[in-house]
Every structure is written in structure tokens, then in C-alpha cells.
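The analysis underlying the following values was restricted to heavy atoms, covering all of them including side chains, and did not include hydrogens, waters or symmetry mates. For clarity, every value in this text was computed on a predicted model and none was experimentally measured. Letters go in sequence order (proteins before strands), and every chain restarts at 1.
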Protein chains: 2
Amino acid sequence: MNPQHPDVDQISLSNVLAALGDPTRLAIVAELARKGDGPVSCSHFLMFTSKTNLSYHLAKLREAGVTRTEVSGTSRFTTLRRADLDQRFPDLLASVITGASTADESEAQTT
Amino acid sequence: MNPQHPDVDQISLSNVLAALGDPTRLAIVAELARKGDGPVSCSHFLMFTSKTNLSYHLAKLREAGVTRTEVSGTSRFTTLRRADLDQRFPDLLASVITGASTADESEAQTT
DNA sequence: GCCTTTGTTCAAAATTCATTGAACAATTGG
DNA sequence: CCAATTGTTCAATGAATTTTGAACAAAGGC
């Protein structure tokens with residue numbers, strides 16, 4: 001009934017980094033952190049993209065092990081898997097969130 | 001004569017994360033760290049992929065601001081831009097390197 | 001002057017990713 | 001029960017990414 005999540009020890013670093021390496025998903029994670037790690041319902045993130053695309057990005061984060069999704073009625077609440085990520089990759093999430101909140105993400109692209 | 005590198009304040013978090021979010025590039029960065037942040041010549045990384053593909057991945061790391069490349073004769077030496085990255089995103093690189101070295105990157109993939 | 005070493009560039013192919021709209025599913029309020 | 005709310009799935013498309021091989025370029029050694 002609830003979506004599937006990888007187990008803590010199946011979370012891979014490159015998957016996590018790839019998940020966070022997308023601007024939309026990084027914004028979602030930063031927003032989650034700003035909201036005290038959640039839970040936050042999907043619709044809240046409509047500020048970033050369309051409903052359909054959001055579903056896609058939230059799935060990516062979930063499958064990478066960055067977030068957890070719990071169904072409640074017609075809504076779904078997303079939380080950051082901070083403890084799990086901290087256990088596996090200490091300091092990573094904190095530094096990413098700090099970086100995302102501090103540096104304004106409107107710099108010139110190298111690509 | 002030397003390749004181009006982004007300036008410190010043009011380094012963007014999502015670009016860095018995307019650069020590190022590839023297994024080959026993550027391995028290169030971990031190897032650089034293992035070697036004391038470089039300088040390491042390109043050919044050393046042939047342990048990870050082909051010459052041509054290596055050129056591509058090293059360019060990605062360079063363009064994201066993760067590494068610096070300096071030409072010397074017929075060789076090119078790569079170093080980690082640790083100070084620059086630390087200034088911009090404190091603790092990020094360290095946690096990534098620790099994660100890459102600690103957790104063995106042979107876990108099951110969710111995708 | 002060559003030939004080797006080291007690495008890049010280019011074009012093509014294969015793969016993966018992101019985005020969209022239409023249709024669907026589940027739950028809940030009236 | 002009906003309609004609205006919330007979000008997913010599917011198929012299609014366009015866009016980036018990754019990978020490859022062939023050809024090239026720039027030293028340096030002999």
C-alpha cells in the first residue's frame with residue numbers, strides 16, 4: 001500500500017548524489033529541510049513544477065533513498081530520511097542543505 | 001594553453017552534485033583524494049575507463065569546478081579543487097570522499 | 001627529423017533523463 | 001452516491017548524457 005523504499009544499506013552514494021544533482025530535486029530537499037524535514041504533502045511542491053513531473057522527481061528521491069513517502073488518505077507525505085542518510089554518509093545531507101540554502105542557486109552555468 | 005576552469009563563485013551546487021553523481025567520476029575523485037588530492041596524470045585513471053571516455057569525464061569534473069587541470073609537456077595533471085569547494089560548500093567534499101571510501105560502492109541499485 | 005607517448009576532438013550511436021498531456025485510481029466531503 | 005481532491009501511471013517526445021572509434025595535435029626522446 002505504501003510505496004517502496006530502499007533499505008538503509010542499499011542506499012548508494014552515487015545514486016544519492018545523482019538524485020540531488022538535479023535543480024528541481026535539490027529545491028525539494030532544501031524545502032523539506034526548511035520545513036523541519038517534513039512531513040510535507042506533494043502538493044506543497046507544486047511551487048517548483050507540474051503535478052506530473054513532481055510525481056516523477058519525488059519517485060527519484062524516494063528510490064534513491066533520500067526521502068520517505070507515506071500514504072494518508074488521498075495525500076502523500078514526504079519526509080527526509082535524515083537519520084538513515086547520516087548513518088550511511090555522515091555530514092553529507094547537512095552540507096548539501098547548507099550549500100543549497102546559502103549559495104543562491106542562480107549562478108552562471110559552465111555547460 | 002591551459003584548459004578553462006570556472007571561477008570559485010561560479011561553481012554551482014547542483015552542477016557539482018551532478019558531476020559527482022556518476023560512478024566513474026566519483027571513483028576518479030575518490031582516487032584523487034586517496035592520492036592526497038593530486039596532482040595525478042590522466043593516464044593513471046585508465047584503471048576506470050577508456051582513454052576517450054576518460055577525457056570526457058575529466059572535462060565534466062573540470063567544468064563543474066571539482067578539479068583543476070594543468071598541462072605539463074605531453075601530460076595533464078589533475079588536482080582536486082578542495083579549498084575552492086570547501087569555501088563554497090563546507091564539508092561537502094569531505095563527506096562525499098568519506099562516503100565513497102567507506103561504503104563500498106557495490107550495492108544493489110534501486111533503479 | 002621521426003616515432004612514441006599522452007591526451008583531445010569529432011561525429012555517430014546508444015542510452016538515459018526530463019517533461020508533457022491524457023487517462024486512471026483512491027479517498028473523502030457533501 | 002456524486003463530485004472534487006490528490007496524486008499516479010502510461011506513452012510519447014525532446015533533450016542530455018554516455019560511450020565508442022577514428023583522426024588529430026603537441027611534446028619529448030632517440
Side-chain angles (χ1 to χ4, degrees), chain A residues 1-5 12 14-29 31-32 35 38-64 66-79 105 109-111, chain B residues 1-5 12 14-29 31-32 35 38-64 66-79 105 109-111:
Chain A
M1 181 155 213
N2 262 2
Q4 278 193 325
H5 299 81
S12 99
S14 57
N15 279 171
V16 169
L17 293 173
L20 297 173
D22 174 272
T24 303
R25 292 192 292 260
L26 189 53
I28 290 172
V29 167
E31 177 64 12
L32 266 173
K35 287 267 184 183
V40 174
S41 87
C42 299
S43 58
H44 178 74
F45 301 113
L46 285 176
M47 62 199 299
F48 297 128
T49 183
S50 66
K51 198 164 57 154
T52 260
N53 193 230
L54 185 58
S55 208
Y56 168 75
H57 284 301
L58 287 175
K60 279 269 167 184
L61 287 171
R62 181 174 4 93
E63 285 161 11
V66 176
T67 59
R68 189 177 298 284
T69 303
E70 272 164 300
V71 179
S72 168
T74 170
S75 296
R76 275 155 197 238
F77 292 98
T78 299
T79 51
E105 280 295 301
Q109 299 299 85
T110 308
T111 318
Chain B
M1 182 151 213
N2 262 1
Q4 278 193 324
H5 299 81
S12 99
S14 57
N15 278 170
V16 169
L17 293 173
L20 297 174
D22 173 273
T24 303
R25 294 192 291 261
L26 188 54
I28 289 172
V29 167
E31 177 64 12
L32 266 171
K35 287 268 184 183
V40 173
S41 86
C42 300
S43 58
H44 179 74
F45 301 113
L46 286 176
M47 60 200 299
F48 297 129
T49 183
S50 67
K51 198 161 62 155
T52 259
N53 193 232
L54 184 58
S55 207
Y56 167 75
H57 283 302
L58 287 175
K60 278 269 165 182
L61 287 171
R62 182 176 1 96
E63 286 159 13
V66 176
T67 59
R68 189 177 298 284
T69 302
E70 272 164 300
V71 179
S72 168
T74 169
S75 296
R76 275 155 196 237
F77 292 97
T78 298
T79 51
E105 279 295 301
Q109 298 300 85
T110 307
T111 318

In whole Å, I'd like the distance from the [atom1] atom of [X] to the [atom2] atom of [N].
X       : N      : atom1 : atom2 : answer
B:Lys60 : C:dT8  : NZ    : C1'   : 16 Å
A:Leu20 : C:dA18 : CG    : P     : 12 Å
B:Glu63 : C:dT8  : CD    : P     : 11 Å
B:Leu58 : C:dT6  : CG    : P     : 15 Å
B:Asp22 : D:dA16 : CG    : P     : 18 Å
A:Glu70 : D:dT6  : CD    : C1'   : 17 Å
A:Phe77 : D:dG7  : CZ    : P     : 8 Å
B:Asn15 : D:dA16 : CG    : P     : 13 Å

Is the shortest side-chain N/O distance from [X] to OP1 or OP2 of [N] below 4.0 Å?
X       : N      : result
B:His57 : D:dT17 : no
A:Arg76 : C:dA26 : no
A:Ser43 : D:dG7  : yes

How is B:Thr24 classified with respect to the nucleic acid when contacts are heavy atoms under 4.0 Å: base, sugar-phosphate, or nothing? nothing
For residues [X] and [Y], report the shortest heavy-atom separation together with the two atoms involved.
X       : Y       : result
B:Arg62 : B:Thr67 : N-OG1, 3.4 Å
A:Val16 : A:Ala64 : CG2-O, 3.7 Å
A:His44 : A:Glu31 : NE2-OE2, 2.7 Å
B:Val66 : B:Leu20 : CG1-CD2, 4.3 Å
A:Leu54 : A:Cys42 : CD2-O, 3.2 Å

Is the backbone N or O of A:Ala19 less than 3.5 Å from a side-chain atom of A:Arg25, with the two atoms forming a donor-acceptor pair by type? yes
For the side chain of B:Arg25, starting at C-beta, report the closest nucleotide among D:dT9, C:dT6, D:dT18. D:dT18
If you restrict it to nitrogen or oxygen atoms, what contacts under 3.5 Å exist between nucleotides 20-28 of chain D and the protein, and what is each distance?
residue : atom : partner : partner atom : Å
D:dA22  : N6   : B:Thr52 : OG1          : 3.2

Stepwise side-chain hydrogen bond (donor to acceptor under 3.5 Å, both in side chains) test for A:Ser43 and A:Ser41: CA-CA 6 Å; A:Ser43 58; A:Ser41 87; 2.9 Å; yes
